Amino acid sequence: MRALSFGSIAASYDRYRPGPPGEAVEWVLLTGTTDVLDLGAGTGALTRLLLPRVHGAVVAAEPDGRMRAVLSRRSPEARAVAARAEALPFADASFDAVIVSSAWHWMDTAVTVPEVARVLRPGGRLGVLWSGPARNIGWVGDLLGRRREPGPVTERAGRPRRRVELPSGSPFTQPETTVFQWSTPMSPDEVVGLAGTFSAVITREADERAELLARVKRLAAEHPGFEAAATIEMPMGCRCWRAMRLAEPT
C-alpha cells in the first residue's frame, strides 16, 4: 500500500521532505489555540512547527511505527500516538484544531471527516496543507516529474490529490483556501534525495528505482544553476485549506 510505503525510508523522508512554511501553519491556526492534533503526522515536520506556536498539548497521530519513531526522537515534547484518521482514540471535543499536512489524500474522507468533527471542539479549526516542490515549473518538472493540476488520482476511489471535499451535511463552515510560495536551497544530492521520497518511486522495484534516481542525478548535475553555486533555489508551494467546526444544532 503506497500510503504506508514511506516508513521504509523514514530517515530519508525526514531529511529531504520539506514541511510547510511557518506562515501556512499560522494561517490555519486560530489565535489562542491550545490543544492541536497533527493528523497523519509522518516524521513530524508539521509537529515541529506547531510546538512553539501552541500553548497547550500537541498530539501527533501516525499509524506507521517507523515514521512515528523518528517523530518521537526529534520531538519528544509532543505526544505521539499510533492512530489512523478513520478511528481516532480521543474523546469528543478534545482539540481546538486538527491539521493534516500532505496526508489528506491517503485518508478515507467519508469516515475521517465525522471523526475529525467529533474530536474538534465547536469553533475549532480543520486545516489541510499540501507542501512540495513546484513541479508545474518547467525545470522542476523535468527534474522531479510533472504534476498535473489538480493532480493525479490516488488509489482511493479515483479521488484527486490536493482537494478537500466534505461530505454533505458535515458540520463545518464554507472553506477558505490560499497558496504560499517560497524557495529553499538544495544541492544536487538533496534533489536526488527528495526525488527518492515520492511514493511512486519508493514502491518501484529496486533496479527501476535506481534507474530513476540516476536520471535525476544526471539531470541535476547538468542543470546550469549548479555551475555557479553548490546549491540552487528550489521553488516550493503550499496549498492551504481551512474550515471551522460548527456548534451542534440545538
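Keep in mind the model is a prediction, meaning the values are calculated, not measured.
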*Asks:* Would you please name every residue forming a side chain to side chain donor-acceptor pair (under 3.5 Å) with Glu176, sequence neighbours left out?
*Replies:* Arg242

*Asks:* Give a yes or no answer on whether the side chain of Gln181 reaches the backbone of Gly237 with a donor-acceptor pair at less than 3.5 Å.
*Replies:* no

*Asks:* List, by chain and number, the other hydrophobic cluster members for Met244, where Ile, Leu, Val, Met, Phe, Trp and Tyr join if side-chain heavy atoms come within less than 4.5 Å, directly or indirectly.
*Replies:* Leu30

*Asks:* Say whether Trp241 and Leu37 are linked into one hydrophobic cluster, either directly or through other cluster members, by side-chain heavy-atom distances under 4.5 angstrom.
*Replies:* yes

*Asks:* Between Asp96 and Thr33, does any side-chain donor sit less than 3.5 Å from a side-chain acceptor?
*Replies:* no

*Asks:* Using a 6.0 Å cut-off, check whether atom CZ of Arg15 has over 12 heavy atoms from anything other than its own residue.
*Replies:* no

*Asks:* For the residue pair Phe95 and Val36, what are the closest heavy atoms and their distance?
*Replies:* CD2-C, 3.7 Å

*Asks:* Are any non-hydrogen side-chain atoms of Met234 and Ser183 less than 4.5 angstrom apart?
*Replies:* no

*Asks:* Checking Thr197 now: which residues fulfil side chain to side chain donor-acceptor pair (under 3.5 Å) with it, not counting sequence neighbours?
*Replies:* Arg17

*Asks:* With sequence neighbours left out, what residues match Asp35 under salt bridge (charged side-chain N to carboxylate O under 4.0 Å, His left out)?
*Replies:* Arg121

*Asks:* Check side chain to side chain donor-acceptor pair (under 3.5 Å) between Arg215 and all other residues, then give those that pass, not counting sequence neighbours.
*Replies:* none

*Asks:* Look at the side-chain heavy atoms of Ile, Leu, Val, Met, Phe, Trp and Tyr, link any pair under 4.5 Å apart, and say whether Leu71 and Val25 land in one connected group.
*Replies:* no

*Asks:* Less than 4.0 Å between a side-chain N and a carboxylate O, is that true for Arg48 and Asp14?
*Replies:* yes

*Asks:* Answer whether the closest heavy-atom distance between the side chains of Leu88 and Val98 falls below 4.5 Å.
*Replies:* no

*Asks:* Could you pull out the closest heavy-atom pair between Val100 and Met107, with the gap in Å?
*Replies:* CG1-CE, 3.7 Å

*Asks:* Under the 3.5 angstrom rule, does the side chain of Arg245 hit a backbone N or O of Leu126 as a donor-acceptor pair?
*Replies:* no

*Asks:* Would a hydrophobic clustering, with Ile, Leu, Val, Met, Phe, Trp and Tyr connected at side-chain separations under 4.5 Å, put Val58 with Trp27?
*Replies:* yes

*Asks:* Is there a path from Ile99 to Phe172 through hydrophobic residues (I, L, V, M, F, W, Y) whose side chains come within less than 4.5 Å of each other?
*Replies:* no

*Asks:* Look at the side chain of Arg66 and the backbone N and O of Ala10, then say whether any donor-acceptor pair between them is shorter than 3.5 Å.
*Replies:* no

*Asks:* Can you check whether Thr112 reaches Trp104 side chain to side chain, under 4.5 Å on heavy atoms?
*Replies:* yes

*Asks:* Judged by atom type as modelled, is there a donor-acceptor pair below 3.5 Å linking the side chain of Arg239 to the main-chain atoms of Trp130?
*Replies:* no

*Asks:* Return the set of residues passing side chain to side chain donor-acceptor pair (under 3.5 Å) with Asp92 (not counting sequence neighbours), or none when no residue passes.
*Replies:* Arg118

*Asks:* If I take atom OH from residue Tyr13 and atom CE from residue Met67, how far apart are they, to the nearest 0.5 angstrom?
*Replies:* 5.0 Å

*Asks:* Counting only N and O atoms by type, is there a donor-acceptor contact under 3.5 Å from the side chain of Glu86 to the main-chain atoms of Asp108?
*Replies:* yes

*Asks:* Heavy atoms only: give me the nearest Val140-Pro235 pair and the separation to one decimal.
*Replies:* CG2-CD, 3.7 Å

*Asks:* Specify the closest pair of heavy atoms between Ala24 and Cys238, including all atoms of both residues, with the distance to one decimal.
*Replies:* CB-SG, 3.8 Å

*Asks:* Identify whether NZ of Lys or CZ of Arg in Arg79 sits under 6.0 Å from the centre of the six-membered ring of Phe90 and within 45° of that ring's axis.
*Replies:* no

*Asks:* Applying the 4.5 Å side-chain criterion to the ILVMFWY set and letting contacts propagate, would Leu49 and Tyr16 be lumped into a single cluster?
*Replies:* no

